[in-house]
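A short write-up of the structure that comes next.
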Amino acid sequence: MNKNNLLIVWTNGCKEVATNFPLLYSSVILEREYWETAHLMLWGPSIKLAATDEQIKEKLKEIQSTGVNMSACIVCVEDYDVIKELEELNIQIVHTGELLTTALKSDEWAVMTI
């Protein structure tokens, strides 16, 4: 079975790491047809960076416009107290462990963790 779907689990809170890998890659993967579907999952410190940095916010909006889906860990969002900020970015706030577990067990999803 081919893995045609990519789940990127972004946990790192460093802006340099974010802009030079997960956000850069996420911004081109669907239009270049590297994957059929892609999902960027924010977890831990990446949530704080996404909620507070204007350049990161703009990049996330750009990535969404290409069709990449996004979600954020509800526990982390609540811990950082940034529910409003993530909702304004149209990032789905959920129990991310469910999607991660499903993807890890699936023959159809590749999972990359940053």
Side-chain angles (χ1 to χ4, degrees):
M1 228 178 203
N2 287 335
K3 294 185 179 194
N4 296 315
N5 309 297
L6 177 63
L7 172 61
I8 300 172
V9 183
W10 171 34
T11 64
N12 190 296
C14 173
K15 184 175 180 175
E16 183 176 4
V17 170
T19 57
N20 288 304
F21 185 46
L23 301 184
L24 177 63
Y25 186 58
S26 295
S27 69
V28 300
I29 56 180
L30 293 181
E31 66 184 29
R32 293 184 184 176
E33 300 180 354
Y34 295 159
W35 300 94
E36 287 182 20
T37 63
H39 190 104
L40 180 62
M41 179 181 288
L42 288 71
W43 210 323
S46 65
I47 290 170
K48 186 175 180 181
L49 181 63
T52 60
D53 187 285
E54 292 304 317
Q55 290 176 319
I56 297 296
K57 288 179 183 182
E58 289 305 312
K59 190 65 175 178
L60 289 170
K61 291 175 188 175
E62 175 188 323
I63 292 166
Q64 287 174 326
S65 74
T66 71
V68 173
N69 295 313
M70 294 184 191
S71 63
C73 168
I74 189 168
V75 175
C76 301
V77 170
E78 289 173 350
D79 285 349
Y80 290 116
D81 193 26
V82 292
I83 294 170
K84 180 182 174 195
E85 291 85 343
L86 273 283
E87 286 176 343
E88 288 175 354
L89 290 170
N90 295 316
I91 295 175
Q92 186 180 20
I93 301 169
V94 297
H95 291 282
T96 47
E98 292 176 29
L99 175 57
L100 177 59
T101 301
T102 298
L104 287 169
K105 291 181 176 183
S106 173
D107 292 332
E108 298 175 7
W109 283 87
V111 180
M112 179 184 344
T113 304
I114 296 120

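Since we're looking at a predicted model, the values are computed, not measured. The first residue in the sequence is number 1, and the count goes up from there.
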Which distance, rounded to the nearest 0.5 Å, do you find between the CG of L7 and the CH2 of W109?
6.0 Å
Shared hydrophobic cluster, M112 / L104 (ILVMFWY, side-chain heavy atoms < 4.5 Å):
no
Counting only N and O atoms by type, is there a donor-acceptor contact under 3.5 Å from the side chain of K57 to the main-chain atoms of A51?
yes
Value for CD (E36) from CG (L6), rounded to nearest 0.5 Å, stands at 12.0 Å
In the single-linkage hydrophobic clustering (I, L, V, M, F, W, Y; side-chain heavy atoms under 4.5 Å), do I63 and F21 co-cluster?
yes
Between the main-chain N or O of E108 and the side-chain N or O of N5, is there a donor-acceptor pair closer than 3.5 Å?
yes
Give the minimum heavy-atom separation between H39 and S71, together with the two atoms involved.
NE2-OG, 2.7 Å
Any donor and acceptor pair, going by atom type alone, linking the side chain of S46 with main-chain N or O of G13 inside 3.5 Å?
no
Looking only at heavy atoms, the pair that brings I8 and S26 closest together is CD1-OG, 3.4 Å
Polar side-chain atom of S65 near backbone of E62 as donor-acceptor pair, under 3.5 Å:
yes
The single option from T11, N12, I114 passing side-chain contact (heavy atoms from CB on, under 4.5 Å) against W43
T11
Under a 4.5 Å cut-off applied to non-hydrogen side-chain atoms, are L49 and W10 in contact?
yes
Hydrophobic clustering (ILVMFWY, side-chain heavy atoms < 4.5 Å, transitive) - are M41 and I47 grouped together?
no
When you look at L23 and L60, which way does the side chain to side chain contact (heavy atoms under 4.5 Å, CB included) test go after all the steps?
CA-CA 7 Å; L23 301 184; L60 289 170; 3.8 Å; yes
Determine which pairs satisfy salt bridge (Lys or Arg N to Asp or Glu O under 4.0 Å) with at least one residue from residues 14-23, sequence neighbours left out, and list them in order.
K15-D53
For the student: nearest non-hydrogen atoms of T66 and E31, plus distance:
CG2-OE1, 4.5 Å
Under the salt bridge (Lys or Arg N to Asp or Glu O under 4.0 Å) test, residues paired with E58 that sit two or more places apart
K61
With a 4.5 Å heavy-atom cut-off, do L24 and T19 have their side chains touching?
no
Kindly give the heavy-atom pair with the smallest separation between I56 and A18, and that separation in Å.
CD1-CB, 4.3 Å
I'd like to know if L40 and I29 are part of one continuous hydrophobic network [Ile/Leu/Val/Met/Phe/Trp/Tyr, side-chain heavy atoms within less than 4.5 Å].
yes
Quick one: side chains of residues 74-100, donor-acceptor pairs under 3.5 Å with protein atoms, not counting sequence neighbours, listed by atom name and distance.
none

